[in-house]
Amino acid sequence: MKKTYHVNEKGYYGTFGGAYIPEMLYPNVEELRQKYLDIMYEDSFQKEFKQLLKDYVGRPSPLFYAERLSEKYKTKIYLKREDLNHTGAHKVNNTIGQILMAKRLGKTRIIAETGAGQHGVATATVCALMGMECIVYMGEIDIARQAPNVARMKMLGAEVRAALSGSRTLKDATNEAIRDWISNPVDTHYIIGSVVGPHPYPDMVARFQAVISEEIEWQLQEKEGRSYPDHVIACVGGGSNAAGAFYQYLDDERVNLIAVEAAGKGIHSGESAATSVLGEDGIIHGSRTLLMQTKDGQITEPYSISAGLDYPGVGPMHAHLYASNRAEFISITDDEAMTAGLELSQLEGIIPAIETSHALAIFDTRKFKEDEIVVLNLSGRGDKDLNTYIEYFKL
Amino acid sequence: MNRINQKLQEDKKLLSIYFTAGYPSLNDTVGVLQNLEKSGVDMVEIGLPFSDPLADGPTIQASSTQALENGMTSEILFEQLTDIRKTVSIPLIIMGYLNPMMQYGIEAFCAKCKEVGIDGLIIPDMPVNVYHEQFQAIFEKYGLINVFLITPQTSEERIRFIDSISDGFIYMVSSAGTTGAKSSFGNAQSDYFDRIGNMNLKNPQVVGFGISNRETFTQATSKAKGAIIGSAFIKHLTKHGVDTISDFINEIR
Ligand SMILES: Cc1ncc(COP(=O)(O)O)c(C=O)c1O
């Protein structure tokens, strides 16, 4: 059998993945598992999905040759401009797909979790578009840290509910969303924001995000006369933008995959989110994967200056890419990321999300050959992070 | 014979209590167990606290957070239980999430359970098929009964499958929702209790989630063999402490 890094028929990537869920969730997750592929590949679904990506999200997103950046780092760097999507990041590719899925499953009520608020905004947006009730769970601490996104969600008609349990951040917001789903098993669909959670979520979200690498293929073909780059770089929180950028190349060993995690104040500083280095095999949010935890199996709170990378686990696809050495994993500190964000702003006139700045920061140490083609997934724009940039650089 | 199976043969409705190990204070675990037995409780679920208890409502979440702050770990729980069988003879079940058990090592965890005299496990986030394919042999090697949950949404076919691989009792979750005390049950619950009662399953059923007082206990056990009280008991512990456990139990039956 041909070696593959995609999910297998049981819902696993190597030994990672699966659906470790309480029985209360079984009917919902099982219904989704049985139907998701059939629904996604119906003609009418594909037609509606593509139309919305084009007319509403503004796809295809450009593949931009970053000339000055390339010159500085002596290689050929293309930026995949997910920052130009409606709502400012790749997250909306998934929420468009999942809202259409929810409609076809006959669901009328949408729940979601959010950390920084990007996925919450992307979910509230598609719920407004489709006229669906929307409840977004957000940690009490994040609500205080991310006031502009909370306001956006409210303006879009969503209800933002504070997660008051545990550490009151993203992992707890996810727990609360799951508890809501347990309590509302019939009318509700849970739109997870990354390639995490029980099977089939990681695979479904990856397939919705795969539009990123599908476009890279034809865009590179046009620009370079070949459909694949030598390297694809993406930042990894839960892993959805990376999954989308890697998707078409997962089994194409000509392409080197580079996943960039947040090292926070330093990998061993005790304030980090570098899950591949610090994580151990375990179960989080219904998935077997690598996660940061104590020796006793209690899940710990990660840290990164970027709220979107600050998740104690990583999707099971990425855990497998790491364990099998298919992808290269690099971690970047707060300081390195901030510097790289400022550099891109001034070299190319693009202010990146701080999540994305982590990916950009690898050029300082990870060298590429002059004739190599490097595609970096510019997962989001920096508007939401202006305050953090301003405070950091005393602008 | 396993103490759980023995207890299930007794000709009465069983009252089972859930509490979180290491709560209210780290060293309360043994005292709570002894008082529960003295008060006439039939069976106990000892909650192994977890940082992210997905299936639990606010009361058990808060007690778990407190227990972890008190310093509770799997290791300490087993230390506390080392001599438990010298003073407590009712069936004891550990209820916890899979991740802490995985970090301890599933086989090592099961071996330790047997060593201290634990009779069974309830692991809400362990899927039926994973148990069946990976863990059943280990559980059986150490004489542990695994208890599965069913809910009002569980299909008849699946209930029959769960019945076929169970060898103790089936944990009937009373309604769609996480753990938490309710003061009464409605028609939907009594229909569900009747439906399951009429299925003639080989395993007796014990109802949990939402049982809080004499009324809900009586309703839950109209068809089922027993019922489990968790959140309401934890609330009592929080308010009145370990010494008044019998007052709580006497109000239930
Ligand atoms: C711009 C941006 N990039 C990356 C991420 C990280 O998520 P993921 O790893 O799922 O792509 C986020 C999350 O909020 C984000 O907003």
Side-chain angles (χ1 to χ4, degrees), chain A residues 10-12 15 17-31 163-168 170-188 197-199 280-289 291-301 312-313, chain B residues 48-58 60-62 64-65 67-69 71-77 96-105 109 122-130 133-134 148-155 158-159 162 170-173 175-180 209:
Chain A
K10 287 192 157 170
Y12 284 83
T15 57
Y20 293 79
I21 47 168
E23 188 61 31
M24 294 80 103
L25 283 178
Y26 181 82
N28 276 327
V29 173
E30 179 61 14
E31 181 189 25
L164 305 171
S165 59
S167 48
R168 291 170 292 146
L170 176 58
K171 86 177 168 73
D172 309 285
T174 310
N175 292 340
E176 288 306 329
I178 292 175
R179 290 183 186 120
D180 180 307
W181 212 19
I182 286 174
S183 306
N184 297 284
V186 180
D187 63 348
T188 299
H199 177 68
E280 295 286 340
D281 187 0
I283 311 280
I284 183 169
H285 299 138
S287 178
R288 180 163 182 180
T289 189
L291 59 129
M292 292 168 58
Q293 53 182 313
T294 64
K295 269 183 64 167
D296 191 49
Q298 309 300 337
I299 301 176
T300 54
E301 189 54 23
Chain B
L48 177 67
F50 180 45
S51 55
D52 295 76
L54 285 183
D56 287 302
I60 294 180
Q61 286 171 38
S64 302
T65 304
L68 292 173
E69 273 168 27
M72 186 44 89
T73 62
S74 305
E75 194 103 35
I76 290 176
L77 176 60
Y97 290 80
L98 192 51
N99 195 53
M101 299 179 193
M102 266 177 79
Q103 301 316 312
Y104 196 90
F109 195 92
I122 303 175
I123 310 171
D125 61 344
M126 178 173 63
V128 178
N129 62 326
V130 169
E133 288 159 21
Q134 298 174 35
F148 291 108
L149 275 54
I150 63 168
T151 82
Q153 273 72 42
T154 310
S155 69
R158 190 164 166 86
I159 293 174
I162 288 173
I170 290 177
Y171 191 136
M172 262 175 81
V173 175
S175 49
T178 51
T179 54
F209 289 35

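Nothing here was measured: the structure is a model prediction, and the numbers come from that model. As a basis for the values below, the full set of heavy atoms in this structure was taken, side chains included, without hydrogen atoms, waters or symmetry mates. In the text below, chain A, chain B and the rest are named by the order of the sequence lines, each starting its count at 1.
The main-chain N or O of A/G297 is found under 3.5 Å from a side-chain atom of B/N99 such that the two form a donor-acceptor pair. No donor-acceptor pair closer than 3.5 Å links the side chain of B/Q153 to the backbone N or O of A/Y26.
Here the closest heavy-atom approach between residue B/Q61 and residue A/S165 is recorded as OE1-CB, 3.0 Å. Contact between B/S51 and A/K171 at its shortest, heavy atoms only, is O-NZ, 4.2 Å.
For a residue to count as touching a neighbouring chain, one of its non-hydrogen atoms must lie under 4.5 Å from one of that chain's; by this rule B/Y104 does not touch chain A. In this structure, no portion of A/N28 lies under 4.5 Å from any heavy atom of chain B. For chain B, the nearby parts of A/Y20 are the backbone and the side chain; heavy atoms of each come within less than 4.5 Å. Of the two parts of B/F209, only the side chain, counted from C-beta on, holds a non-hydrogen atom closer than 4.5 Å to a non-hydrogen atom of chain A. Heavy atoms closer than 4.5 Å to chain A are found in the side chain of B/I162, but not in its backbone.
For the set A/G166, A/P27, A/S167, A/P22, the count of heavy-atom pairs under 4.5 angstrom toward chain B peaks at A/P22. With chain B as the partner, the residue from A/D281, A/T294, A/D180 showing the most heavy-atom pairs under 4.5 Å is A/D281. Between chain A and the options B/P49, B/S64, B/G177, B/P58, heavy-atom pairs under 4.5 Å are most frequent for B/G177.
Taking the side chain as every heavy atom from C-beta outward, B/V128 and A/E23 approach each other to under 4.5 Å. Annotation: side chain of B/L54 is not in contact with side chain of A/I21 (no heavy-atom distance under 4.5 Å). Looking at A/K10 and B/E133, their side chains come closer than 4.5 Å, going by heavy atoms from C-beta outward.
Heavy-atom contacts from other residues, nucleotides or ligands closer than 6.0 Å to CD of A/E31 number more than 12.
Partner of B/D52 under the side chain to side chain contact (heavy atoms under 4.5 Å, CB included) criterion, chosen from A/I283, A/I178, A/L291, A/N175: A/N175. The side chain to side chain contact (heavy atoms under 4.5 Å, CB included) test with A/M24 is passed by exactly one of B/T178, B/T154, B/T151: B/T151.
With rounding to the nearest 0.5 Å, the separation of NE2 in A/H285 from CG in B/D125 is 11.0 Å. Rounded to the nearest 0.5 angstrom, A/R179 CZ and B/D56 CG are separated by 7.0 Å.
Side chain to side chain, B/Q103 and A/D296 fail the donor-acceptor criterion of an N or O pair below 3.5 Å.
By the 4.0 Å N-to-carboxylate-O rule, A/E30 lies too far from B/R158 to be salt-bridged with it.
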